[in-house]
Student: 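Have a look at the structure that comes next, please.
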Amino acid sequence: MRVATDIGGTFTDLVCLEFDKKSGNSLGVKVVKSDTTPSNFEQGILNTIAKGNINLKEIDFFAHGTTVVINALTERKGAKTALITTKGFRDVLEIARCNRPDLFNFNFIKQPPFVPRHLRFEVEERINYKGEINKELNTSTLKSILKTCKEENVESIAICLLHAYKNPKHEIQLLKEIFHLNSDIEIIASHQITREWREYERTSSTVLSGYVLPIAKKYLNNLEERLREKELRNAPFIMQSNGGITSINDVKSNPITMVESGPASGVFGAIALGKVIDKKDLIVLDIGGTTAKCALVENGQVKITTNYKIDHSRTKAGYPIQTPVIDIVEIGNGGGSIAWIDQGGKMHVGPKSAGASPGPAAYGRGGKNLTTTDANIITGRIHPDYFIGGEIQPDYSSIEEASRVLCEKLNASKEDVAKGILRIANANMVNALKLISVNKGHDPRDFSMIVIGGGGAMHGADLARELQVSELIIPPHAGVFSAFGMLMSDVRRDYIRTNVLTLSEKQKETILSIFSEIKDEAVLNFKADNYQQNEMKFTYYADLRYVGQEHYVKVMLTNFSKNTPLKTIIANFHSEHKKQYSFELDAPVELVNFHLVAEVEVEKPDFPKLRVTDRKVEDAIFDTKEVDFDDLGKHDTSFYRRELLEPNMMLKGPAVIAENATTTVVTPLHEVLVDEYGNLIITPQRTA
């Protein structure tokens, strides 16, 4: 048995896949959803295990993704943190970049740093940009610093010294000295998180990692202990933001790698599915209860970036985190997103969410606001027997009550308000999808779109129609696909190191030497987790730019070795730069960051195929109701049970396909083909 759990903003999902070890054939898939329990996240996981009646003693592999880190950061519920930095640089954290996301927006807010000035301390030392020591570290003030930290009830100390990405010697000395003086306080240093330059970004990353370190360690320790009590044999793997899993001990030492673990697993699950069905160019959209996330996959690869920010908006510069994260766009639009009216009388949807409790008005748990989920119920797109997996019936009286305020303010009917909510939600999602495609030089018509999450299949057809995507794919168990994706992920670690040099033949030995050093470090780390070198796979990347530029483009070094011509790498950079920025220059090329991806392949089951019987399409119909498809009108629509659909079945829209974890809406302009794996392939209807 292989189990994966994913904690979302609204629900905690579990997928259990049982398969025959000899044949690799699937023996069945179990899907469970339970409310997320913010005050005690591990309890939500135990609830799904109990609800699914799963015996942990029988589990060979357990993977877990969590929102603990991102929630602690966005809700400011982390540990009280202090910063130790090089003398003269304590204010780097507060000065930040002085940039405004929207230059002419006078509502701009200067965000306060996570560490106030009185908890930012300095030590005398200096290492230059070449990694040379100009002034030795002076630790004479450490006792005084730790005394102040104790008086201020500081729980975590972040260390970020100037140019430690190049030479971490002084940071290592500080770590040892502080641990010797006070072993009870949590400590983390910048070189343990990132070896990439940019002083403010490094400092911010270190502080934010220190901020979540105590809470993440406590959570992971509790989770490990509770699972061990339930007799789980092997330690759980933890999903990271780079799309790979890693050991729980590895994450405890650097928890910031979990900051976007849920969205990453969904994207990499889509990539794994794409390989099976021969679809390498994908737009992946994950719509959950709180947010919608999207990423672009080109030729089976998704971009990994370290230019990641939290709490970033048109009026906020956000806080950067230099950890490898899949290049993803996330917006506050999901099933629980609340509809509201601004002072000018304009309706908005999100980013505030009703969450799991009280949840949308339809939950009947006291929710007073109309949400996207409620709008889908009003328009008839969710069957009452399949609401939240059929566990409850929608509370129509609460929906009526919640819609009254909006109806009065907009002077519109409940039905028109619901259609307006869906239009706005879809428009927000289309804008996000354009950010990863059109805005980066990609034509959406060249891609297949995979939609996952509880709300993905409900909105997918409308979004595909707007973007003119010719093929929409709804995988089996789409509502819990992020958890499913963890079962298809490999153990992965990213190593990034800044060393700026011109890309020329005379630098080739240096380039090979640096990559060799990084590879040796990766091998050592994997061996510490009992992996052998022959199990490891290495992929090489370089962040390149034209001399004189500030930022760079990541280029994969295909089949990289000492025999790889630098001309080929430079040509690939020109091509990638032109794709992203629409021009190329006749100028020298500079290598900024060395990026090595080290992976160990985990045994994975095949995607199970559907069984074939003599069942007909009509046998899957369980009801017919009127559904409002907005500009396409109201139509009497057949509702199908997804579990009764079989390979090669074809059905034409309008249609609604219901399952426990989500609902697929097929517009009157689309048709559906079921493939051998149970994917719903939705395409525009062919005209005669």
Student: What are the two closest non-hydrogen atoms of Leu610 and Gly678, and how far apart are they?
Tutor: CD1-CA, 3.4 Å
Student: How long is the straight-line distance from NE2 of His574 back to CG of Leu585, given to the nearest 0.5 Å?
Tutor: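 Leu585 atom CG to His574 atom NE2 measures 8.5 Å (nearest 0.5 Å).
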Student: Under a 3.5 Å distance rule, please check whether Tyr677 uses its side chain to pair with a backbone N or O of Phe607 as donor and acceptor.
Tutor: no
Student: Using 0.5 Å steps for rounding, measure from the CG atom of Asn679 to the CG atom of Leu472.
Tutor: 11.0 Å
Student: Atom OG of Ser448 and atom NZ of Lys280: how far apart are they, to the nearest 0.5 Å?
Tutor: 13.0 Å
Student: Output, in order, the C-alpha distance, side-chain angles, deciding distance and verdict of side-chain contact (heavy atoms from CB on, under 4.5 Å) for His442 and Leu296.
Tutor: CA-CA 9 Å; His442 301 282; Leu296 184 131; 3.9 Å; yes
Student: Measure the spacing between OH of Tyr541 and CG of Leu557 and express it to the nearest 0.5 Å.
Tutor: 9.5 Å
Student: Testing Phe560, Tyr540, Phe515 one by one against Phe594 for a ring pair (Phe, Tyr, Trp, His ring centres under 6.0 Å), which residue passes?
Tutor: Phe515
Student: Is there a side-chain contact (heavy atoms from CB on, under 4.5 Å) between Leu596 and Thr539 once you walk through the steps?
Tutor: CA-CA 6 Å; Leu596 176 73; Thr539 310; over 6 Å; no
Student: Indicate the atoms forming the closest heavy-atom contact of Val267 with Ala295, along with that distance.
Tutor: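 Between these two residues, the closest heavy atoms are CG2-CB, 3.8 Å.
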Student: Indicate yes or no for a side-chain donor-acceptor contact from Asn242 to the backbone of Gly244 under 3.5 Å, with no hydrogens or angles considered.
Tutor: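 Yes; judged by distance alone, with no hydrogens or angles, the pair exists.
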Student: Take Thr664 and Val672 through the test side-chain contact (heavy atoms from CB on, under 4.5 Å) and record every step on the way to the result.
Tutor: CA-CA 10 Å; Thr664 301; Val672 183; 6.0 Å; no
Student: Go through the side-chain N and O atoms of Thr305 and Lys303 and say whether any donor and acceptor fall under 3.5 Å apart.
Tutor: no
Student: Output side-chain donor-acceptor pairs under 3.5 Å for residues 159-167, partner residues at least two apart or in another chain, one line each.
Tutor:
unit_1, atom_1, unit_2, atom_2, d
His163, ND1, Tyr165, OH, 3.4
Lys166, NZ, Asn499, OD1, 3.4
Asn167, OD1, Lys169, N, 3.1
Asn167, ND2, Gly131, O, 2.9

Student: Are Val589 and Leu566 close enough that some pair of their side-chain heavy atoms sits under 4.5 Å apart?
Tutor: no
Student: Heavy-atom count around Asn559 CG within 6.0 Å, excluding the residue itself: above 12?
Tutor: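 Atom CG in Asn559 is not crowded, with 12 or fewer foreign heavy atoms closer than 6.0 Å.
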Student: Using side-chain heavy atoms (C-beta onward) and a distance below 4.5 Å, is Leu220 in contact with Met258?
Tutor: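 Leu220 vs Met258: side chains touch.
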Student: Under 4.0 Å between a side-chain nitrogen and a carboxylate oxygen: does that hold for Lys440 and Glu298?
Tutor: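 Glu298 and Lys440: not salt-bridged.
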Student: Any donor and acceptor pair, going by atom type alone, linking the side chain of Asp529 with main-chain N or O of Tyr531 inside 3.5 Å?
Tutor: no
Student: Say whether, by atom type as modelled, one donor and one acceptor occur between the side chain of Thr206 and the main chain of Ala158 under 3.5 angstrom.
Tutor: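 Pair absent, no side-chain N/O of Thr206 close to backbone of Ala158.
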Student: Just checking Lys252: does its NZ atom have more than 12 heavy atoms from other residues, nucleotides or ligands closer to it than 6.0 angstrom?
Tutor: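 It does: Lys252 NZ has more than 12 such atoms within range.
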Student: Hey, are the side chains of Leu227 and Pro236 touching, using non-hydrogen atoms and a 4.5 Å cut-off?
Tutor: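 With C-beta onward as the side chain, the pair touches.
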Student: Is it true that Glu550 and Arg198 have a side-chain N and a carboxylate O under 4.0 angstrom from each other?
Tutor: yes
Student: Do Arg492 and Asp494 meet the salt-bridge criterion of a basic N to acidic O distance under 4.0 Å?
Tutor: yes
Student: Rounded to the nearest 0.5 Å, what separation is found between the OG1 atom of Thr323 and the OH atom of Tyr308?
Tutor: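 The OG1 atom of Thr323 sits 10.0 Å away from the OH atom of Tyr308.
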Student: Using the side chain to side chain contact (heavy atoms under 4.5 Å, CB included) definition, which of the options Val600, Asn525, Val597 pairs with Arg493?
Tutor: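 When Val600, Asn525, Val597 are each tested with Arg493, the side chain to side chain contact (heavy atoms under 4.5 Å, CB included) holds only for Asn525.
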Student: Could you check whether any side-chain N or O of Thr662 sits under 3.5 Å from a backbone N or O of Gly479, counting only pairs where one atom can act as donor and the other as acceptor?
Tutor: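 No.
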Student: Quick check: does any side chain N or O of Ser205 sit under 3.5 Å from a backbone N or O of Glu201, one acting as donor and the other as acceptor?
Tutor: yes
Student: Side-chain contact test, heavy atoms from C-beta onward, threshold under 4.5 Å: evaluate it for Val553 versus Phe573 and give yes or no.
Tutor: yes
Student: Work out which heavy atom in Val297 is nearest to a heavy atom in Phe447; give both atom names and the distance.
Tutor: O-CE2, 3.5 Å
Student: Taking only Lys NZ, Arg NE, NH1 and NH2, and the carboxylate oxygens of Asp or Glu, determine whether Lys537 and Asp490 approach each other closer than 4.0 Å.
Tutor: no
Student: Taking the side chain as every heavy atom from C-beta outward, state whether Pro255 and Leu213 have any pair of such atoms under 4.5 Å apart.
Tutor: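 Heavy-atom side-chain distance check passes, below 4.5 Å.
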Student: With heavy-atom distances below 4.5 Å as the criterion, would you say the side chains of Arg2 and Val602 are in contact?
Tutor: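 They are in contact (side-chain heavy atoms under 4.5 Å apart), so the answer is yes.
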Student: Drop me the distance from Ile277's CD1 to Ile450's CD1, to the nearest 0.5 angstrom.
Tutor: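 If we round to the nearest 0.5 Å, Ile277:CD1 and Ile450:CD1 are 5.5 Å apart.
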Student: Between Gln507 and Thr502, do the side chains contain a donor N or O and an acceptor N or O under 3.5 Å apart?
Tutor: no
Student: Is Phe484 close to Val31 at the side-chain level, that is, under 4.5 Å between some pair of heavy atoms?
Tutor: no
Student: For Asn648, is the CG atom crowded, meaning more than 12 foreign heavy atoms sit under 6.0 Å from it?
Tutor: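 Counting neighbours around CG of Asn648, 12 or fewer heavy atoms of other residues, nucleotides or ligands fall under 6.0 Å, so no.
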Student: Take atom CG of Asn534 as the centre, draw a 6.0 Å sphere, and report whether it contains more than 12 heavy atoms from other residues, nucleotides or ligands.
Tutor: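 Yes, the 6.0 Å shell around CG holds more than 12 heavy atoms from other groups.
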Student: Are Ile245 and Phe61 close enough that some pair of their side-chain heavy atoms sits under 4.5 Å apart?
Tutor: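 When only atoms from C-beta onward are counted, Phe61 and Ile245 do touch, with a gap below 4.5 Å.
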Student: Evaluate whether atom CZ of Arg445 has more than 12 neighbouring non-hydrogen atoms of other residues, nucleotides or ligands under 6.0 angstrom away.
Tutor: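 At most 12 heavy atoms, drawn from other residues, nucleotides or ligands, come within 6.0 Å of this atom.
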Student: On the six-membered ring of Tyr200, is Arg97 placed so that its NZ or CZ lies under 6.0 angstrom from the centre and within 45° of the ring axis?
Tutor: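 Negative - Arg97 is either too far from the ring of Tyr200 or too far off its axis.
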Student: Is any NZ, NE, NH1 or NH2 atom of the basic residue among Lys279 and Glu471 found under 4.0 Å from an Asp or Glu carboxylate oxygen of the other?
Tutor: yes
Student: Between Ile256 and Ser209, what is the shortest heavy-atom contact and its length?
Tutor: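 For Ile256 versus Ser209, the nearest heavy atoms are CB-OG, 3.6 Å.
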Student: Do the side chain of Gln192 and the main chain of Ala189 share a donor and acceptor less than 3.5 angstrom apart?
Tutor: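 Yes.
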Student: Could you tell me whether Lys554 and Asp327 make a salt bridge, using a distance below 4.0 angstrom between a side-chain N and a carboxylate O?
Tutor: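 No salt bridge links Lys554 with Asp327.
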Student: Could you tell me which non-hydrogen atom of Leu433 sits nearest to which non-hydrogen atom of Leu467, and how far apart they are?
Tutor: CD1-CD1, 3.5 Å
Student: Exactly one of Ser265, Pro263, Ser482 should register a side chain to side chain contact (heavy atoms under 4.5 Å, CB included) with Met239. Which one does?
Tutor: Ser265
Student: Sequence neighbours left out, what passes side-chain contact (heavy atoms from CB on, under 4.5 Å) with Arg497? Give chain and number order.
Tutor: Arg195, Glu517, Ile518, Glu521
Student: Looking only at atom types and distance, does a side-chain atom of Asn234 sit under 3.5 Å from a main-chain N or O of Asp60, one as donor and one as acceptor?
Tutor: yes
Student: Are any side-chain N or O atoms of Gln322 and backbone N or O atoms of Ile193, one a donor and one an acceptor, separated by less than 3.5 Å?
Tutor: no
Student: Passes side-chain contact (heavy atoms from CB on, under 4.5 Å), Glu196 versus Asn593? Steps please.
Tutor: CA-CA 7 Å; Glu196 194 175 345; Asn593 294 321; 3.2 Å; yes
Student: At their closest point, which heavy atom of Ile310 faces which heavy atom of Ile70, and how far apart are they?
Tutor: CG2-CD1, 3.7 Å
Student: Does a side chain donor of either His577 or Tyr552 reach within less than 3.5 Å of an acceptor in the other side chain?
Tutor: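 There is no such pair (donor and acceptor under 3.5 Å, judged by atom type) between the side chains of His577 and Tyr552.
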Student: Using modelled atom types only, decide if a donor and an acceptor are shared between the side chain of Lys527 and the backbone of Gln533 within a distance under 3.5 Å.
Tutor: no
Student: Has Lys508 got more than 12 heavy atoms of other residues, nucleotides or ligands less than 6.0 Å from its NZ?
Tutor: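 Enclosed.
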